[in-house]
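We name chains A, B, ... by the order of the sequence lines, and we start the count at 1 in each one.
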Amino acid sequence: MIRIANGQGFWGDSPDAPLEQVRRGPIDYLTLDYLAEVTMSILQKQRSRDPEAGYARDFVEVVDRVLPDLVSKNVRLVANAGGLNPEACRRAVLEVAKRQGLNVPVATVSGDDITGRIEELLARGVEFRNMDTGEPLATIRDRVRSASVYFGAFPIAQALDGGARIVITGRCADAALVLGPMIHEFGWKAADWDRLAAGIVAGHAIECGAQGSGGNCQDDWATIPALEDIGYPIVEASPDGSFVVTKHAGTGGRVTVASVTEQLVYEIGDPRAYLTPDCGADFTSFRLEQEDPERVRCTGVRGNPATPTYKVSISYAAGYRAIGSVAYAWPDAYKKAQAGARILKERVARLGLEFDAIHSELLGANACHGIAAAEPSPELAAQLPEVVLRFGVRSKSRAAVERFTKEIAPLVLSGPPSVTGLGAGRPKVEEVMAYWPALIPKSEVSPVVSL
Amino acid sequence: MKVQLLEIAHSRSGDKGNASNIGLIAKKPEYYPILLEQVTADRVKQHFAGVCLGKVERFELPNLHALNFLLQDALDGGGTLSLRADPQGKTLGTALLRMEIEVGKME
């Protein structure tokens, strides 16, 4: 049995969680997941300004804090912190190790960044059609900023086979960070579909950090203990593919069939065909049972053969947006916010500029649930202590969005009364990226493992 | 009697591009058939009128006493583009728990 602990569910998660995972109980592997589509677009911007950037810089600080414990406790680290620049990330990590006087073999998995190969691959007949819409890449070709292939777990396992103590990857399937160590430890092969799928299910259970151990958990949320000291999830994996989800003793949070189930149904599509680079996983195949408090056992995962393609995530420039808000206080907060929205809409329309989207919401009333929440009743609306009007636009034209940002502040002096919340000044104009999911034949691209 | 789904189920939701997924889990195994029978793709589509502009697909996970709904074109362009306060559909899961369903007598 090996223990694989996740200490980061996304870039921006707790900087202390990795350290806690290593210090508060025994583990064999620490995995850290930094990449999301939003993250890739930030990294792309950073790399375009500085060729040594483009990876999760926070990771280097985490390594600095956690490395002495990793070495003394013989824990290996697997992270997709490399982003668009795994080599630069490794240089920074080696610098940290050197400063601490530690000699640690660090491997990278790269080859996933095909931004510079798009023309060549198009010429070779890879169409990169949008998986959702079927449109050809030509629609957005001149706006492409980055293209990353999702690799699987075998390159990670190969790096571990080669003796790496830290493995830094670029883009890979999130669950591959957890499956990789299992392949390395248990010698699973490329056609062991059921066991590979078990590793994917295990990875899915813990890849979002504490969301697998009682965080963001609907089920009886108010009784979940000590969320301020929440224990991040750990998988105890066995060679037959069965595993237990748990967390360190004495930590907060909760590991129950209910809390693990919530995470397992998170961000999935067809549960019978959860596709990854290494296999398909059937999320309807397995059983969960509470074998002890804070321990959920999963058995019987079935898998399906891998497909001949990798998924590619292509980011492209999709214009600009700005979002601003003001808060209206009782009495009639709701009516005032409605009036503010109406005034802004009219003002924006009079600008005569081209917007792709104009959107207003009333936070405190029904912004999150929309029509499902319905309008507050007149009695409730009249009593609401405050309502925030949130108003945004999106446009291909930066100038149009810039102009919009000047419309919110005047509302404070020339709109409904008892209004505040402009402390941060005019809303900022942000460039926005959109995502183009596509497929690429596995024969067209190879992961590069370097140790 | 009529109750809100909140009484018999819990949920988690998130984004897949411009689609949102909502996992709906029965609090007890005996509630799963109620979800199966009453929380249809059509009702969910209706429940999210104006939010989900595309089709709604429903998948069954009997092993987890859960349903998974995929709501296409439900996030105003998706996580990076959306102007909404909830661009990734994280709160659509509880929005679904507002749905009223018919149950026999509950203990």
Side-chain angles (χ1 to χ4, degrees), chain A residues 36-38 41 131-132 208 211 216-221 257-258 260-272 283-288 300 315 318-319 321-323 325 356-361 363 367-374 388 390-394 432-437, chain B residues 6 9-28 44 46-52 54 57 59-70 72-74 76-99:
Chain A
E37 286 180 343
V38 181
S41 68
M131 282 168 73
D132 296 333
C208 293
Q211 205 176 236
N216 189 29
C217 181
Q218 268 299 308
D219 185 57
D220 225 355
W221 73 268
V257 169
V260 171
T261 300
E262 279 194 26
Q263 174 55 26
L264 288 175
V265 296
Y266 180 65
E267 291 183 350
I268 62 170
D270 179 350
R272 289 184 186 279
F283 276 57
T284 69
S285 62
F286 52 80
R287 267 169 52 86
L288 297 181
S315 71
R321 75 175 168 191
I323 300 162
S325 60
D356 296 335
I358 297 172
H359 183 70
S360 66
E361 289 175 329
L363 285 175
C368 289
H369 286 183
I371 194 166
V388 173
R390 189 172 173 280
F391 198 102
V393 300
R394 194 169 68 230
V432 291
M433 292 290 153
Y435 285 87
W436 185 274
Chain B
L6 177 67
H10 55 115
S11 63
R12 180 169 295 175
S13 58
D15 63 324
K16 287 185 82 68
N18 192 22
S20 176
N21 107 289
I22 303 177
L24 180 70
I25 306 149
K27 284 189 178 179
K28 295 180 179 176
V44 172
Q46 230 177 339
H47 191 72
F48 287 104
V51 174
C52 171
E57 284 174 278
F59 303 97
E60 298 170 12
L61 295 97
N63 56 324
L64 301 176
H65 312 113
L67 297 174
N68 183 42
F69 296 91
L70 206 52
Q72 299 292 345
D73 198 0
D76 183 32
T80 55
L81 279 181
S82 180
L83 297 175
R84 292 191 195 153
D86 182 16
Q88 293 170 297
K90 303 263 188 192
T91 67
L92 295 184
T94 49
L96 180 58
L97 298 182
R98 291 172 173 273
M99 183 185 279

For the backbone of [Y] and the side chain of [X], can you confirm whether one donor and one acceptor N or O come within less than 3.5 Å of each other?
X	Y	result
B/H47	B/A95	yes
B/H10	A/E262	no
B/S11	B/L24	no
A/D132	B/Q72	no
A/R394	A/H359	no
B/D76	B/L83	yes

Using a cut-off of under 4.5 Å for heavy-atom pairs, which of [options] has the most such pairs with chain B?
options	answer
A/R321, A/E361, A/E267, A/Q218	A/E267
A/R287, A/H369, A/M433	A/H369
A/S315, A/A318, A/A357, A/A373	A/A373
A/L288, A/T261, A/L264, A/V432	A/T261
A/G392, A/A258, A/S285, A/G319	A/A258

Could you have a look at [options] and say which one has the most heavy-atom pairs with chain A under 4.5 angstrom?
options	result
B/L92, B/L70, B/L81, B/D86	B/L81
B/A9, B/G93, B/S82	B/S82
B/A49, B/G50, B/G79, B/A66	B/A49
B/P62, B/G23, B/S13, B/A85	B/A85

inquiry  = Do the side chains of B/D15 and B/K90 get close enough for a salt bridge, i.e. N-O under 4.0 angstrom?
reply    = no
Measure distances from [X] to the heavy atoms of chain B and classify the residue's part below 4.5 Å as side chain, backbone, both or neither.
X	value
A/V257	neither
A/N216	both
A/S360	neither
A/F286	both
A/I268	both

Sort [X] into side chain, backbone, both or neither according to what part of it lies under 4.5 angstrom from a heavy atom of chain A.
X	result
B/L96	neither
B/E60	backbone
B/S20	neither
B/N18	neither
B/I25	side chain
B/L61	both

Report the distance from atom [atom1] of [X] to atom [atom2] of [Y], rounding to the nearest 0.5 Å.
X	Y	atom1	atom2	value
B/F59	A/F283	CZ	CZ	13.5 Å
B/L97	B/I22	CG	CD1	8.5 Å
A/D270	A/T284	CG	OG1	8.5 Å

query = Can you list the steps and then say if A/F391 with A/S325 is a side-chain contact (heavy atoms from CB on, under 4.5 Å)?
reply = CA-CA 6 Å; A/F391 198 102; A/S325 60; over 6 Å; no
ask   = Does a side chain donor of either B/R12 or A/Q263 reach within less than 3.5 Å of an acceptor in the other side chain?
value = yes
